[in-house]
Amino acid sequence: MPQPTSSPRELALSGLPDAELIISAPGRVNLLGEHVDYNMGVVLPAAIDKRLWLAVKPIEEPVLQVTSLDLNEQVNIALKDVVTRVDEKGNPLPQWSLYPAAVAWVMLSKGYSIQGMQAVIASDLPMRAGLSSSAAIEVAFALAFQTIGGIEMNRMQLAQLCQLAENRYIGVQCGLMDQFAVSHGVARHALFFDTRSLEWQPIPLPADTVLVIADSGRTRELAHSAYNQRQQECQLAVQYIHRKNSNVHSLRDVTKQELAGFLDLLPEVVARRTHHVVDEIDRVERSALALVEDDAAAFGAFMLEGHASLRDLYDVSCDELDYLVEAASNHIGCLGARLTGAGFGGCTINLVQKQHAQDFCEKLQTAYQERFLVELKTYICHADRGAFVERMRKAVL
Ligand code: GLA
């Protein structure tokens, strides 16, 4: 009889049998509202049932002993050395371990007292695919430090802390969407999140649909990509527009009606970025209404519009993603398709009728393989709960 394969939860626990905590953090997809969170806009992500698991045991020494079972790597980081980004032997930290280090660094620099731990990570969340595996690691470690240290902090503050870790330590000027979605996910719901007021509301996803993720396999290095450049172009737009209207402090303050009056003030590229952001914020608001009204077809049409805008105005798509969206939208079971996350490679997200999901994946895989001669990985997912902590044992140091 074939042995059932171990779940990532079991794997993490088998790597640290005397763990005191097990923490789980999901990946996320964004259904609409791309590149608007750093413009104070509204977004519509969902946490997914592809998750990272962290088995944790506090220790006396002020050292993070972190093992990634997925990568088969282990690193020891003295808390005093997080600022210099070296391991206990003085070697530069491997990329994946920068995320726990970033969270430790930000918590120490905010004056929180944190302690050493052994931690073992296992996950079924694809890494570097634009599904927020980095936010999942950050949130999981922040929860570990918080739980062990008995630190009082609500979920939004925790998400903001992780965003700060990403901005200041990793050097990506991201908004709050990923860390928010990972820490606040609700099963079967999209999260309508206002990144300016921090208000949010779960909205049920259409019945009898699934979220299909298609991983183009084209890798993207967020930190080294044009992401920060897009963020700066938006800042520049605000500076230009602010000279004409001093009430504008972010692109969120520009309405769709006012947009035309401002576009002429801007350099061509900056105008296209602005156009996308203002349209996209408006699109999220309208698409959230479509979801509330359970109008899956209208919602799917907004997804396709969003992709076109990312492709034509924001220049963050690529041939592979455009092809995937085009091919997906021709399938009978597909309600909507678009790139998800920052773009520049990574994944598309597809809203697909449940009964067609398997066929959808197979057809997309075949078409992609023929066109690009590379394997397409697809994942049939559901919106899932956000990060949580289980205590395995009573005593915490
Ligand atoms: C990345 C960032 C997010 C967001 C998206 C684009 O995922 O981490 O903050 O800006 O890109 O919408």
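One-based numbering, in listed order, for ligands and for the atoms of each. On a predicted model such as this, the values are computed, not experimentally measured, just so you know. The chain is numbered in sequence order, starting from 1.
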Quick one: does [X] get an N or O within less than 3.5 Å of an N or O on ligand 1?
X    : answer
N30  : no
Y38  : no
D178 : yes
G341 : no

Side chain or backbone of R28 under 4.0 Å from ligand 1, or both, or neither, by non-hydrogen atoms?
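Within the 4.0 Å criterion, R28 contacts ligand 1 through side-chain atoms alone.
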
Atoms of ligand 1 less than 4.0 Å from [X] heavy atoms?
X    : answer
M177 : 4 (C), 5 (C), 12 (O)
G175 : 9 (O)
Y227 : 1 (C), 2 (C), 3 (C), 4 (C), 9 (O), 10 (O), 11 (O)

R371 to Y323, cation-pi by 6.0 Å centre distance and 45° axis angle:
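Yes, R371 and Y323 form such a contact.
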
Does the ring of F344 carry R230 above it, NZ/CZ under 6.0 angstrom from centre and within 45° of its axis?
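Geometry flag: not set, cation outside 6.0 Å or 45°.
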
Regarding D384 and R51, does a basic nitrogen lie under 4.0 Å from an acidic carboxylate oxygen?
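Yes, charged N to carboxylate O under 4.0 Å.
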
Before accepting this row, confirm whether a basic side-chain N of the pair R283/E305 lies closer than 4.0 Å to the acidic partner's carboxylate O.
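Salt bridge between R283 and E305, a charged N being under 4.0 Å from a carboxylate O: yes.
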
Mind running salt bridge (Lys or Arg N to Asp or Glu O under 4.0 Å) on D315 and R273 for me, showing each step along the way?
CA-CA 9 Å; D315 296 315; R273 308 297 186 245; 2.9 Å; yes

Assign the ring pair H276 / Y314 to parallel, tilted or perpendicular, where the plane angle (0 to 90°) is split at 30° and 60°.
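H276 and Y314: tilted rings.
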
